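Shown below is the structure under consideration.
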Amino acid sequence: MNIDHILAFDDDAAGPRALAHALGSRLAWVDRHRFPDGEVKLRLPPALDGTVVIWRGLQQPDAKLVELMIAAPAARELGARTLVLVCPYLAYMRQDAAFVPGEAVSQRHVGRFLAGLFDRVVTIDPHLHRTPSLGAIMPGRLGVVLSAAGLLGAHAARAVADPLLLGPDAESAPWVASAAAAGAAAIGAAWPLEHACCVKQRDGDHQVRVTLPPGLALRGRAVVLIDDVASTGRTLAAAAAQCHAQGALSVDVAVTHALFVGNALEALDRAGVRHVWSTDAIPHASNAISIVPLVADALRGG
Ligand code: R5P
């Protein structure tokens, strides 16, 4: 697919800049003015044509959803024929069921909202543990799901000798397995890196219990905890504490989405985590791995 324009916002500039460079596309900015009453005014490039990508990751999502609600139809009015959302972090995916009667299933509603605005949505490791595909929540639109698991596995394999990859919950098993296979390929190993998954129980926003897989020998092992998203960091901190209690030599963390809200990094530090690596799907000081080549390949491939 030929991308004619990439539109970006100034608070998330590095990714779209690198993507425009990789694809040879024109990069332009969506200017924002915040009125005293909290409303936002957007200004887009006045002459658009062809295929237009809007790059908007949905970390701290609420104001950005309103921006997209305005920017997408405006881009079409200004000439965009096909509109693609590159949304490295797709928010609201974890509320995928009504756990208590009356709870809104945000995943479904946010998915439908975006499907109504864009022809195609490209995202990385959305939290679809109980949902078969992005198509299930974006009916009639093309949802392209990319995974950073391979990038995380390769990074772990190169950074740590003989790592044990550990996912914090059972739902992440296939994702962790693909990281282990990519890790082996990155260092020319014949077999996937050793990997396993814990069992997690969440008792509240900051209360998480993690149980290690039974019989897993951790004494002297270099553990790399991998996860799609770290928010409060409590899941990873609980897993790290368990690993150290079982005699792990080191515990590092590799995540796709570095939300790391509040004192998340402190919690990891207290739990004895050595390195924190993340992809640049969300701009963060821990970024060590770029997802831009993944996105560029997906867009080139149409
Ligand atoms: C949940 O299933 C995800 O994979 C993450 O483990 C979870 O969202 C992390 O949240 P927190 O960092 O707040 O524990």
Side-chain angles (χ1 to χ4, degrees), residues 3-23 25-46 48 52-76 78 80 83-94 106 110-111 113-114 117-118 120-127 146 148 228-233 255-265 276-296 298-299:
I3 305 298
D4 298 286
H5 304 264
I6 296 176
L7 303 186
F9 293 74
D10 63 357
D11 59 353
D12 195 353
R17 217 189 275 281
L19 183 66
H21 182 71
L23 295 176
S25 308
R26 281 167 283 181
L27 176 67
W29 303 94
V30 179
D31 290 326
R32 285 174 297 170
H33 173 73
R34 185 73 56 190
F35 291 107
D37 58 9
E39 292 180 9
V40 70
K41 177 175 69 175
L42 303 180
R43 188 159 55 87
L44 285 73
L48 294 172
V52 175
V53 163
I54 297 184
W55 177 298
R56 204 65 177 130
L58 288 174
Q59 55 280 10
Q60 290 107 39
D62 294 0
K64 292 176 184 169
L65 287 169
V66 173
E67 291 165 8
L68 292 179
M69 182 182 79
I70 298 169
R76 290 194 199 275
L78 292 166
L83 204 51
V84 179
L85 174 64
V86 170
C87 181
Y89 176 65
L90 185 52
Y92 284 110
M93 293 297 108
R94 283 171 289 178
S106 318
V110 171
F113 170 70
L114 294 174
L117 297 174
F118 293 91
R120 173 178 297 215
V121 175
V122 179
T123 188
I124 322 274
D125 286 334
H127 197 85
L146 306 174
D228 56 350
V229 52
S231 177
T232 66
V255 296
T256 305
H257 299 297
L259 287 172
F260 291 126
V261 299
N263 64 354
L265 290 176
V276 178
W277 301 300
S278 64
T279 79
D280 57 1
I282 295 177
H284 187 266
S286 61
N287 290 170
I289 303 154
S290 181
I291 49 92
V292 171
L294 264 186
V295 175
L299 292 173

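Here the structure is a predicted model, which is why all the values come from computation and not from measurement.
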Are P45 and L78 packed together at the side-chain level, in the sense that at least one heavy-atom pair is separated by less than 4.5 angstrom?
no
Just so I know, are the side chains of F9 and I54 near enough to count as touching, which here means a heavy-atom distance under 4.5 Å?
yes
Which residues pass the side chain to side chain donor-acceptor pair (under 3.5 Å) test with R17, sequence neighbours left out?
none
Excluding sequence neighbours, so at least two apart, what forms side-chain contact (heavy atoms from CB on, under 4.5 Å) with V122?
V84, V86, R120, V144, L146, L299
With rounding to the nearest 0.5 Å, note down the distance linking CG in L44 to CG in L42.
6.5 Å
Is a side-chain N or O of T123 found less than 3.5 angstrom from the main chain of C87, in a donor-acceptor match?
yes
Taking only residues two or more places apart in sequence or in another chain, which ones pass side chain to side chain donor-acceptor pair (under 3.5 Å) with D125?
S147, W175, T256
L114 side chain near L58 side chain, heavy-atom distance below 4.5 Å
yes
Please table the atom pairs, donor to acceptor, closer than 3.5 Å between any side-chain atom in residues 66-76 and protein atoms at least two apart or in another chain.
from	atom 1	to	atom 2	distance (Å)
E67	OE1	R56	NE	3.0
E67	OE1	R56	NH2	3.0
E67	OE2	R32	NH1	3.2
R76	NH1	D119	OD2	3.1
R76	NH2	L117	O	3.0
R76	NH2	D119	OD2	3.3

Got a sec, which residues hit side-chain contact (heavy atoms from CB on, under 4.5 Å) with D62, two or more places apart in sequence or on another chain?
Y92
L85 and L90: CA distance, side-chain angles, deciding distance, side-chain contact (heavy atoms from CB on, under 4.5 Å) verdict
CA-CA 10 Å; L85 174 64; L90 185 52; 5.7 Å; no
Sequence neighbours left out, what passes side chain to side chain donor-acceptor pair (under 3.5 Å) with S106? Give chain and number order.
none
Of all residues at least two apart in sequence or in a different chain, which pass the side-chain contact (heavy atoms from CB on, under 4.5 Å) check with S286?
A258, F260, V276, S278, H284
Sequence-distant partners of H257, ring-ring contact (aromatic ring centres under 6.0 Å, His included), two or more places apart:
Y89
I'd like to know if the side chain of N287 and the backbone of T279 have a donor-acceptor N/O pair within less than 3.5 Å.
yes
